[in-house]
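Presented below is the structure to which this report refers.
Just so you know, ligand 1 is whichever comes first in the structure, and atom 1 is the first atom listed for that ligand. For the numbers below, each heavy atom of this structure counts, side chains included, while hydrogens, waters and symmetry mates do not.
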Amino acid sequence: MATSAYLRAANQPPPLEGYDLFSQDAALVEALRREGDAAREEECAAFGRLCGGEPLELGRLANEHTPALRAFDRFGERIDEVEFHPAWHELMRIGVEGGVHAAPWADPERAPHVARAARFMTLAYAEAGVGCPLSMTYSVIPALRADPGFTAEWEPGLTARAYEPGLRPPADKAGLLSGMALTERQGGSDVRANETRADPLAGGGYALTGEKWFCSAPMCDVFLVLAYAPGGLTCFVLPRVLPDGSRNGLHLRRLKDKLGNRSNASAEIELEGAWATRLGDEGRGVATIIEMVAHTRLDCVLGSTALMRRAVAEATHHAAHRVVFGRLLAEQPLHLNVLADLCLDSEAATATALRLARAVDEDDRPFRRLATAVAKYWICKRTPPLVAEALECIGGNGYVEESVLPRLYRESPVNSLWEGSGSVNALDLLRAAAKEPESVEALLREIDLARGGDARLDSASDRLREELADPAEIEYRARRIVELAALCLHASLLVRHAPHEVADAFGATRLGADGGRAYGTLPTGVDCAAIVERHRPQLER
Ligand SMILES: Cc1cc2nc3c(=O)[nH]c(=O)nc-3n(C[C@H](O)[C@H](O)[C@H](O)COP(=O)(O)OP(=O)(O)OC[C@H]3O[C@@H](n4cnc5c(N)ncnc54)[C@H](O)[C@@H]3O)c2cc1C
C-alpha cells in the first residue's frame, strides 16, 4: 500500500544532527590551523563529534525545562539554590571535561586558547546558555592572578576538568566555577553608581551589604563582586560557601524571566554581611575586574559567532533539500544571493574571533585591547539580523520552536548587552585610543597586512585613520568609527585568508558601494554557489 503523502515527511530536509560540528565548519578549521595549532585539530574534531550528537537534544531540554529558584527548604530555612534539569548538568559536564572553562590556563601545549575558542564555539552551537558560567570561570583566572594567594587557593579547582554541581566548601570539591556580580539596579554600564558597601572586619576580610540586580549562574562557587570599601570601589572575592561549610550571606531574591538564554539562571541577589576578601587595592575595583571583563568580552564574540554559524548551517542545509517551484532552493539565484550574503558575515566573524583568541595565547595586549571592543561591538550587533534572515530562509518551519531558529533568535541580542553593551564598547574604543595609542597602532598594523590586496580596503583603512585622528564630536561618531574598524579588520583577514570569492564579495558590499541594506543584495558576478557550498554542512560526506 502506498504511503500517503500526508504521512510522509514530504519535501522536508533530513535533520541536521549527528555530525562533526567542528570539521564541517571549513572556516573554523582553517582558522584553527592558521591562528592556533593544526596538531589540536583532532582534539577539536572529537569535541565537534561529541557536541553534534546528544548535546543538540540536551540544549532543547535545558531550554524547555528552565531553572527554578528554591529559596527555602521545607523547614523554612533559606537555602538559596537553583534547581536545573539534568540536561543542563550534562551540558556543563561536557563543557568542563572538554576544558571549555578555565583549563587552557593550565595547559602547557601550544595555542590552548585558540583551541579552547574553537571548542567554546562548538559547544555554543549546540547550546549557548552554558557559555555564561563557562566563560566567567575562564575569565576569572587572569584577574585572580593579580594576587598569588588567590591563585594558589582557587586556580587548581577552577582549572580542573571536573564538574561538581552543588553547594559545598571549595576545598571539598574537585572542580569549581566562578561568576561575577557588578550590575546594580541604579547602574550597570556605570558601575561607579554601585551602592553595595564593604565594611572591613576585625578578623580579616570584609562584610558586603547591598543588592545586585543581575547575577548570572548563581550556583557558582565563587564570585568577583564590586563594592564600596572605605578607599573606594573595590573588587572582592566572595565564596558561595564558607570554609566551615556554612552558607555565605548571599541570598537569591528571584530569577529573571529572560527573553532568551533561558537554560541559564540569572538572579537578583542580596548580600547580607557576606564575607569576602579583597582582590587588588581599595579604590582599584574597576581596574582589577576589567581583566576578567576583557576575557568575557572575547567569549561574547565567540558566542555570537557560534550563533551565526548555527543559523547559517541550518539555512544552507535546508536549501540543499527543499524544493520550491520545482527547483531546490539551493539552485535558485535569489535564494543563493541571500544565503551567500549570510555566509560572508559568518566567515568574517569566525576569522576575527580566532585571530582575537590568538592574541590571548600570545598575550598581545595592544592588539587585544582595541580589537576586542571592535569585534564585540560589530559581531554581536550583526548576529540578530543574520539569525532573523536565516530563520526566514527556513520558511514557516523556521518560526517554529522545533527548528531551533526561535531559540537562536531569542539568544542573539544578549552578547551585545553583556559585558559592556554596544555604545559602551564603541566608547571603549575611544578610551583605548586615547589612553593606549599603541592599541590603535596594533590594530592598524594588522589591517595593513592586507594592504595592496583590495583597493576598497586600502581606502577604507585610510578613512579609518582620518576618523580616528579627527577629534571633532568624536563621542557622537563612536559607532561610525567602531563599525568601520570592524569592517576593515574583517576584510583584512578575509583578503589574506579566505577564498577569493568570499573576500571579494565582502569588500564589494561591506566596504564598497555595491551592497544593499538587507541580506540578499550581493551584486552580480559573485560565485554565490561556491560560497554557500563552503558553508553548508555536508552530512553525506
Ligand atoms: C541575561 C543577562 C545576564 C546578566 N548577567 C550579569 C552578571 O552575571 N553579572 C553582572 O554584573 N551583570 C549581569 N548582567 C547585566 C548587564 O551586564 C547589564 O545589563 C549591562 O551592563 C547594561 O547595564 P544596565 O542594564 O544598567 O543598562 P544602562 O547602563 O542603563 O544602559 C542603557 C543603555 O544606555 C547605553 N549607554 C550607557 N552609557 C552610555 C553612554 N555613555 N553613551 C551612550 N550610551 C550609553 C547602553 O549601551 C545601553 O544601551 C546581565 C544582563 C543580562 C541581560
Side-chain angles (χ1 to χ4, degrees), residues 63 66-67 82 128-140 143 177-196 208 210-227 233 235-236 238 240 250 252-271 285-286 288-290 292-297 299-300 303-304 307 373 376-378 380-381 384 407 410-431 434 473-482:
N63 279 277
T66 51
V82 178
V130 290
C132 171
L134 295 172
S135 172
M136 293 192 289
T137 305
Y138 171 69
S139 306
V140 80
L177 295 168
S178 170
M180 68 205 292
L182 287 65
T183 308
E184 298 189 6
R185 246 193 282 189
Q186 67 283 1
S189 311
D190 181 10
V191 289
R192 293 193 180 278
N194 272 197
E195 290 175 359
T196 298
L208 267 52
E211 58 169 34
K212 294 286 174 182
W213 190 233
F214 278 94
C215 176
S216 289
M219 289 299 281
C220 285
D221 301 285
V222 62
F223 297 83
L224 289 199
V225 181
L226 286 183
L233 193 61
C235 183
F236 292 93
L238 188 149
R240 190 77 156 75
L250 184 159
L252 309 188
R253 189 184 286 158
R254 58 176 176 164
L255 298 186
K256 301 286 192 186
D257 184 7
K258 298 176 288 184
L259 167 69
N261 196 252
R262 294 182 68 84
S263 64
N264 180 31
S266 300
E268 291 167 20
I269 64 168
E270 286 170 14
L271 300 171
V286 174
T288 305
I289 210 161
I290 206 73
M292 181 171 185
V293 172
H295 290 81
T296 48
R297 283 182 179 172
D299 286 355
C300 290
S304 282
L307 288 174
K376 180 178 183 303
Y377 173 81
W378 185 242
C380 297
K381 273 271 166 280
R407 195 170 107 214
R410 287 193 300 271
E411 184 77 16
S412 64
V414 80
N415 287 312
S416 189
L417 243 173
W418 265 337
E419 309 301 320
S421 43
S423 292
V424 171
N425 262 273
L427 294 171
D428 192 45
L429 171 136
L430 301 184
R431 192 173 309 109
E473 295 190 83
I474 195 153
E475 192 175 322
Y476 179 78
R477 289 164 36 231
R479 280 191 181 218
R480 287 171 68 93
I481 299 174
V482 72

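- Heavy-atom contacts of Ser423 reach the following atoms of ligand 1: 43 (C), 44 (N), 47 (O) (cutoff under 4.0 Å).
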>> Run Leu250 and Phe223 through side chain to side chain contact (heavy atoms under 4.5 Å, CB included) and show every step you take.
In response: CA-CA 10 Å; Leu250 184 159; Phe223 297 83; 4.2 Å; yes

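- Among Cys132, Ser135, Ser304, the single residue meeting the side-chain contact (heavy atoms from CB on, under 4.5 Å) criterion with Asp299 is Ser135.
- Distances from atom 10 (C) of ligand 1 to the heavy atoms of Asp190, Leu417, Thr183, Leu226 put Thr183 nearest.
- For the pair Glu419 and Lys376, the salt-bridge criterion is not met [side-chain N within less than 4.0 Å of a carboxylate O].
- At a 4.0 Å heavy-atom cut-off, ligand 1 touches Ala181 through the backbone alone.
- Of all protein heavy atoms, the one closest to atom 1 (C) of ligand 1 is Lys258 CD, 3.6 Å.
- The minimum heavy-atom distance linking Asn261 with Gly129 is given by the pair ND2-CA, 3.9 Å.
- The shortest side-chain heavy-atom distance between Val482 and Asp428 does not fall under the 4.5 Å cut-off.
- With hydrogens left out, the protein atom closest to atom 4 (C) of ligand 1 is Trp418 NE1, 3.0 Å, a heavy atom.
- Looking only at heavy atoms of the protein, atom 29 (O) of ligand 1 is closest to Ser189 OG, 2.5 Å.
- Closest heavy-atom approach to atom 24 (P) of ligand 1 among the candidates Gly188, Ser421, Ala265: Gly188.
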>> Apply side chain to side chain contact (heavy atoms under 4.5 Å, CB included) to residues Asp257 and Arg262 and explain how you reach the verdict.
In response: CA-CA 8 Å; Asp257 184 7; Arg262 294 182 68 84; 3.2 Å; yes

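- For atom 51 (C) of ligand 1, the choice among Phe214, Tyr476, Phe223 with the nearest heavy atom turns out to be Phe214.
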> When you look at Met292 and Met136, which way does the side chain to side chain contact (heavy atoms under 4.5 Å, CB included) test go after all the steps?
Replying inline: CA-CA 8 Å; Met292 181 171 185; Met136 293 192 289; 3.9 Å; yes

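- For atom 41 (N) of ligand 1, a protein non-hydrogen atom is found at a distance below 4.0 Å.
- Residue nearest to atom 8 (O) of ligand 1, selected from Gly422, Pro218, Ser216: Ser216 (by heavy-atom distance).
- Of all protein heavy atoms, the one lying nearest to atom 38 (N) of ligand 1 is Val424 CG2, 4.0 Å.
- Not a single heavy atom of Gly179 sits under 4.0 Å from any atom of ligand 1.
- Put simply, atom 31 (O) of ligand 1 has protein non-hydrogen atoms near it, under 4.0 Å away.
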>> Show, in sequence, the C-alpha distance, side-chain angles and deciding distance for Leu427 and Glu475, and conclude whether the side chain to side chain contact (heavy atoms under 4.5 Å, CB included) test is met.
In response: CA-CA 7 Å; Leu427 294 171; Glu475 192 175 322; 3.4 Å; yes

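- A 4.5 Å side-chain heavy-atom check between Val191 and Leu233 finds at least one atom pair inside the cut-off.
- Between Leu226 and Glu184, the closest heavy-atom pair is O-OE2, 4.4 Å.
- Of all atoms in ligand 1, numbered sequentially from 1 with element shown, those under 4.0 Å from a heavy atom of Gly187 are 26 (O).
- Regarding atom 9 (N) of ligand 1, its nearest protein heavy-atom neighbour is Met180 O, 3.1 Å.
- Below 3.5 Å of separation, one finds no N or O of Cys215 facing any N or O of ligand 1.
- For the pair Glu268 and Lys212, the salt-bridge criterion is not met [side-chain N within less than 4.0 Å of a carboxylate O].
- By the neighbour-count criterion of 12 heavy atoms within 6.0 Å, atom CD of Glu473 is sparsely surrounded, having that number or fewer from other residues, nucleotides or ligands.
- Residue-level proximity to ligand 1 for Leu427 is carried by the side chain, the only part with a heavy atom below 4.0 angstrom.
- Note: an N/O pair closer than 3.5 Å links Leu182 and ligand 1 by distance alone.
- Heavy-atom proximity to Ser266, at under 4.0 Å, picks out these atoms of ligand 1: 3 (C).
- Within 4.0 Å of atom 35 (C) of ligand 1, not a single protein heavy atom is present.
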